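By convention here, the first residue in the shown sequence is residue 1. As the structure is a prediction and not an experimental result, all values here were calculated from the model.
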Amino acid sequence: MSKCSPIIIIFIATLILCGCNQQQAAKAQNLTADSSFAVDDNLMLFRDLGISIDSLISVDTIPSALSRQGIYLDSIQIQNLIADKIPNRASLSYSSIRLFSVKKLSDNLCVGVYVYEYSDVEDIYVIVYKDTAITDVLKLPIQEESNVKDVIDDIEYIDYFESLVIFTDDSHFIITELSTTKGYNYNNEECVFKTSLKKETFYSISTDGQIHKEDVVKTQSCLG
């Protein structure tokens, strides 16, 4: 074997090693720059619990609880994400908790929207996190409900209730509640009476992660 052969082999190995290091450096740079791989610190809590951030839709309007959207959580995820912050929470043996969405508010603030299912009831909660620690919890009104109120002179009166939550920006949201009573004629099922009360409650989320009620506006209308 030629005396130069070991030198050539060392030279080639050095080139290969340098090439691998450059590829790894480039890959690391891409992971840092690509937002789909780089998760903010305040969302790391969810990813560390095995929850794919990509599978959660960050929306400005909270979807209906009946839509069945979101991810059902196991006991470990519930303990880490919610603990005992939901008041009077029933045992997991006959209840379940679903994570709707995670919405980033700032570099260290985010909110999680949860559905708590037990018996025939579904409650919805907004939980605020600051640096992965829970800072505040707000129970939202039931989104949709109706029941027969009374029947008078062949008129059936039915109460309806609807609610909607909209984030207007990363620190403000509005809860709109609409209570309506409609009267239907038994003979032709025509609506002959309607009264509505619209209630808008304005909230803000401060930099310390607290939810504050800012204002309430009520509007009433009547037909019949």
Side-chain angles (χ1 to χ4, degrees), residues 20-118 121-140 143 165-173 175 203-212:
C20 291
N21 288 338
Q22 288 177 353
Q23 290 178 354
Q24 290 177 354
K27 183 178 180 182
Q29 185 177 6
N30 289 336
L31 288 176
T32 303
D34 192 341
S35 60
S36 64
F37 290 97
V39 180
D40 294 316
D41 290 341
N42 59 346
L43 299 180
M44 286 289 288
L45 173 63
F46 301 94
R47 193 182 70 171
D48 290 346
L49 290 171
I51 298 172
S52 172
I53 301 300
D54 293 335
S55 65
L56 297 172
I57 303 173
S58 179
V59 292
D60 289 330
T61 302
I62 295 176
S64 169
L66 301 177
S67 67
R68 293 295 183 269
Q69 293 183 19
I71 299 172
Y72 282 95
L73 305 178
D74 59 34
S75 57
I76 295 178
Q77 292 169 334
I78 291 171
Q79 181 61 34
N80 283 273
L81 291 173
I82 295 175
D84 296 322
K85 296 300 182 180
I86 292 180
N88 304 319
R89 181 160 64 84
S91 169
L92 287 177
S93 60
Y94 56 94
S95 67
S96 60
I97 295 178
R98 181 161 33 101
L99 175 61
F100 257 4
S101 63
V102 176
K103 179 177 176 62
K104 176 184 175 182
L105 304 181
S106 66
D107 288 339
N108 63 345
L109 279 178
C110 69
V111 297
V113 182
Y114 298 86
V115 176
Y116 174 36
E117 303 173 353
Y118 61 98
V121 181
E122 293 186 345
D123 292 332
I124 304 178
Y125 293 86
V126 169
I127 297 182
V128 184
Y129 299 87
K130 181 175 182 179
D131 297 324
T132 73
I134 296 176
T135 54
D136 210 349
V137 179
L138 177 66
K139 181 180 178 181
L140 303 182
Q143 291 187 317
V165 181
I166 297 178
F167 279 85
T168 56
D169 56 35
D170 289 338
S171 60
H172 297 84
F173 63 95
I175 298 179
Y203 291 90
S204 65
I205 302 177
S206 55
T207 55
D208 60 355
Q210 296 297 310
I211 300 173
H212 305 277

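- Looking only at side-chain heavy atoms (C-beta outward), Leu138 and Ile175 come within less than 4.5 Å of each other.
- Looking at Asp208 and Thr135, their side chains never come closer than 4.5 Å, going by heavy atoms from C-beta outward.
- Annotation: side chain to side chain contact (heavy atoms under 4.5 Å, CB included) contacts of Asn80 (sequence neighbours excluded): Leu49, Ile76.
- Rounding to the nearest 0.5 angstrom, the gap separating the OG atom in Ser206 from the CG atom in Leu109 is 8.0 Å.
- Within the model, atoms CZ of Arg98 and CD1 of Ile71 stand 11.0 Å from one another, a figure rounded to the nearest 0.5 Å.
- In this structure, CD1 on Ile97 lies 11.5 Å from OH on Tyr72, to the nearest 0.5 angstrom.
- Under the side chain to side chain contact (heavy atoms under 4.5 Å, CB included) test applied with Val102, the options Val111, Leu45, Leu43 reduce to a single match, Leu43.
- The side chain to side chain donor-acceptor pair (under 3.5 Å) test applied to Thr168 returns no partner, not counting sequence neighbours.
- For the side chain to side chain contact (heavy atoms under 4.5 Å, CB included) test, residues two or more places apart in sequence or in another chain that qualify with Ile134 are Lys85, Ile127, Tyr129, Val137.
- Residues forming a side chain to side chain contact (heavy atoms under 4.5 Å, CB included) with Ser171 (at least two apart in sequence, or on another chain): Asp169.
- In this structure, CG on Asp74 lies 12.0 Å from OG on Ser96, to the nearest 0.5 angstrom.
- Taking the side chain as every heavy atom from C-beta outward, Phe46 and Leu99 approach each other to under 4.5 Å.
- Two residues are said to be in side-chain contact when any heavy atoms from C-beta on lie closer than 4.5 Å; Leu81 and Tyr114 meet this criterion.
- Asp170 pairs by the salt bridge (charged side-chain N to carboxylate O under 4.0 Å, His left out) definition with Lys103, not counting sequence neighbours.
- Minimum heavy-atom separation, Gly50 to Gln77: C-NE2, 4.5 Å.
- Residues forming a ring-ring contact (aromatic ring centres under 6.0 Å, His included) with Phe173 (at least two apart in sequence, or on another chain): Phe167, Tyr203.
- A distance-only check finds no donor-acceptor pair linking the side chain of Asp136 to the backbone of Val128 [under 3.5 Å].
- Remark: Asp123 engages Lys139 in a salt bridge (charged side-chain N to carboxylate O under 4.0 Å, His left out) (not counting sequence neighbours).
- Pairing each heavy atom of His172 with each of Ser204, the nearest pair is CD2-CB, 3.7 Å.
- Expressed to the nearest 0.5 Å, how far CG of Asp131 lies from CE of Met44 amounts to 13.0 Å.
- The two atoms that bring Gln210 and His212 nearest to each other are O-CD2, 3.3 Å, heavy atoms only.
- Applying the side chain to side chain contact (heavy atoms under 4.5 Å, CB included) test to Thr207 and every residue at least two apart in sequence or in another chain returns nothing.
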